[in-house]
**Q** 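Please find one structure pasted underneath; my questions will follow.
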Amino acid sequence: MTRLSEYLLPTEKEAPADAEAISHKLMVRAGLIRQMGAGIWTWLPAGWRVHQRAVAIIREEIDAIGGQEMLMPVLQPAEPWRKTGRYAIDALFKLTDRKGAELVLAMTHEEAVTTHVAQVVRSYRDLPMTLYHFQVKERDEARPRAGVLRTREFIMKDSYTFDRDLAGLERSYDAHAGAYERIMQRSGLRYYRVEADVGMMGGSGAHEYMAPCPAGENEVALAGDYAANLEVASADPVPVTLPEAPDAPEAVATPGLTTVRDVAAELGLPEGALLKAYPVVVDGDGEERLVLVLVRGDHQVNEIKLALALSADSRPAQAAEIEAKLGPPGFIGPVQAPGEIEVLLDRAVAAAAPGGYVTGANRVDEHLRGVVPGRDFAFREVDVRNVLAGDTVGGVTVEIEPAIEVGNIFKLGTRYSEALGASYLDEDGREQPIWMGSYGIGPARIAAAAVEQNADEHGISWPRSLAPFDVHLVSLGKAGTPERDAADAVYELLAGSALDVVYDDREIGTGEKFADAELLGCPLRLTVGRRSLESGEIEVQIRRGREQAPPLALDGEPDALLGALHELWRSLP
RNA sequence: CGGGACGUGGCGCAGCCUGGUAGCGCACCUCGUUUGGGACGAGGGGGUCGCCAGUUCGAAUCUGGCCGUCCCGACCA
């Protein structure tokens, strides 16, 4: 029973002044969410209905693959977080109780679930197992943003699988991948499943479910069937034509020219015919060493791919370090005394057609031309560059699109089980670590992504699976008029049906009612007013596209009306 | 954490430069008229101007400190 005259739906004509993202503006304007602090949000009744619809879809699909729903606490002792090494994470909220005991607010639940499994699982006969819950996550984000898109507190469905070996993990992972495909489809989102960074902590594979939209914080590289987070994407570069290489590198004077652009312009070459030298300092087992990373002049180093290639974190070298080990900044290059500094050469260069590149000469105001990798310097081939729009994968041109990460699936391996002692005895009585996977998805991000992808100048246009209500019934008559009585009757009929209906019975102007209905964005709007009595029809608007649907008979058989309405509803996206 | 901006009724803003006891639009309350796309008239209620200190006879306004919020970037296990 939902009458707007009695329902908390505080709509606003104007968006918050500081809102940028579409979903931020519209979800506040439509009365779905309200802010309490930076990255801290309340879900108002209609917004919570959307959230709960997303939750219901997720629950059904995780149950369908054998997930067992439970609930683990947000407030947790610090010890297991110390054991897994995650106590050091900056984004982890830490606190002490009155006795001085150290506690944390969980940002995810690997520690909790693994602790329990370690206590409870003894035998290979107890595996495999899938546990999950919907629970609040707390993260001290450096920068919350865009309404409900990136918050410090949010509800996540996180599930965890426990298997006896890698093969079992692969099966559990694939089962989740299937469930996630169905969740995304049922949510009515446009999405990509992309290859993702597994991070420095290992793990043998990860995918993210990305909903493309302008407010997205991630970038996705797309080419036919290929889809990857830009953090890990690989592609074939647009080729460059190189000048023929002389027998040995030749020095060219380049006074004051320290950028790729300047040197390329001076020499009349494309930027891709130069090699960009990016010196970094790697901390290898406490000892720092300088490494020279080379990418094509028109390419950029990707920090995450570089970290993977180095198996270590690195930082850009400072000018003094460059000067001491290599040469004057702005003129550095790979041609040097052999073995001095390790050179990493990006695959886009290593795989290119023959020819000579231009590089810094390690001398002030000088470059070398005709430099041939392999002949003139030794290198290790790596893939560290950012993919660019226009690159190709399997001959298909790459496009890059911003997207919201709404879910991820991750092969954890044995990192947590080993840290927390989650093991089992196999048939031979040998103790084995449990192989784990973890799988997260955010109902709030599903909701926000749906708004981002389905909005127009009038407001939200929900996919029917997520809409706060299926039908928005507008009464245009004042209390006591025959048209109001007719609207009341339609409401009573719908309220007893399988469709969720919200009834605008407020004593306000027509325009305001229509505007609110289109702002809130339920898939179908029914209007009952004086015209309805004259024509015997209920006006029907489909929110998506704001099209008029064939009207429904006002005085027909109730079952026929409900049937027709339900059929129309089911035909919607 | 670096850069930038902002903080004045529920929302959006003006006032601040040049100090004198707070204003506009929307929203809200009452009455009346309206009623198929954000109506009209009349009357009315609501703000210690983010907080603390300082300067001054007097501070929304000037000074200092703090807090909060947003945007860009860094970060995001």
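Letters A, B, ... are given to chains in the order of the sequence lines, protein chains preceding strands, and every chain is numbered from 1.
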**Q** Any base atoms under 4.0 Å from A:A142, or only sugar-phosphate, or nothing? Heavy atoms, all strands.
**A**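 Result for A:A142 = base.
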**Q** Is any side-chain N or O of A:R29 under 3.5 Å from a base N or O of B:G12, one able to act as donor and the other as acceptor?
**A**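 Check fails, no donor-acceptor contact within cut-off.
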**Q** Report all interatomic pairs (protein N or O, nucleotide N or O of nucleotides 30-35 of chain B) with separations under 3.5 Å.
**A**
residue	atom	partner	partner atom	Å
B:U35	O4	A:K478	NZ	2.9

**Q** If we call it a pair only when both distances are under 3.5 Å in a Watson-Crick or G-U wobble match, what pairs with B:U55?
**A**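 Because no pair has both required distances under 3.5 Å, B:U55 counts as unpaired.
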**Q** Pair up each side-chain donor or acceptor in residues 508-516 of chain A with any protein partner under 3.5 Å, not counting sequence neighbours, and list the distances.
**A**
residue	atom	partner	partner atom	Å
A:K513	NZ	A:S475	O	2.6
A:K513	NZ	A:D504	O	3.4
A:K513	NZ	A:R506	O	2.7
A:D516	OD1	A:T11	OG1	3.2
A:D516	OD2	A:T11	OG1	3.3
A:D516	OD2	A:R506	NH1	3.4
A:D516	OD2	A:R506	NH2	2.9

**Q** Between B:C49 and B:G68, how far apart are the C1' atoms? Round to whole Å, please.
**A**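 One C1' to the other, the span is 15 Å.
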**Q** Just name whichever nucleotide pairs with B:U48, Watson-Crick or G-U, keeping both distances under 3.5 Å, else none.
**A**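 Across any shown strand, B:U48 pairs with none.
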**Q** Provide the distance between the two P atoms, one in B:A5 and one in B:G23, to the nearest whole Å.
**A**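 Comparing P positions in B:A5 and B:G23 gives a spacing of 31 Å.
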**Q** Let me confirm one number: the CG-OG1 distance from A:L103 to A:T96, rounded to the nearest 0.5 Å.
**A**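 With rounding to 0.5 Å, CG (A:L103) is 7.5 Å from OG1 (A:T96).
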**Q** Does the B:G12 base have a donor-acceptor partner in the side chain of A:E12 within less than 3.5 Å?
**A**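 No, no donor-acceptor pair under 3.5 Å.
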**Q** Taking OP1 and OP2 of B:G37, is either one under 4.0 Å from a side-chain nitrogen or oxygen of A:Q541?
**A**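 No, no such contact exists.
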**Q** How long is the straight-line distance from CG of A:D505 back to CZ of A:R3, given to the nearest 0.5 Å?
**A**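 One finds 5.0 Å between CZ of A:R3 and CG of A:D505.
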**Q** Give A:G477 one of three labels, base, sugar-phosphate or nothing, depending on what nucleic acid heavy atoms sit under 4.0 Å from its own.
**A**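 No contact.
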**Q** Does A:D90 reach a base, just sugar-phosphate, or nothing at all? Heavy atoms under 4.0 Å.
**A**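 The residue A:D90 makes no contact with any strand.
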**Q** Counting Watson-Crick and G-U wobble pairs only, both distances under 3.5 Å, name the nucleotide matched with B:G2, or none.
**A**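 Pairing partner: B:C72.
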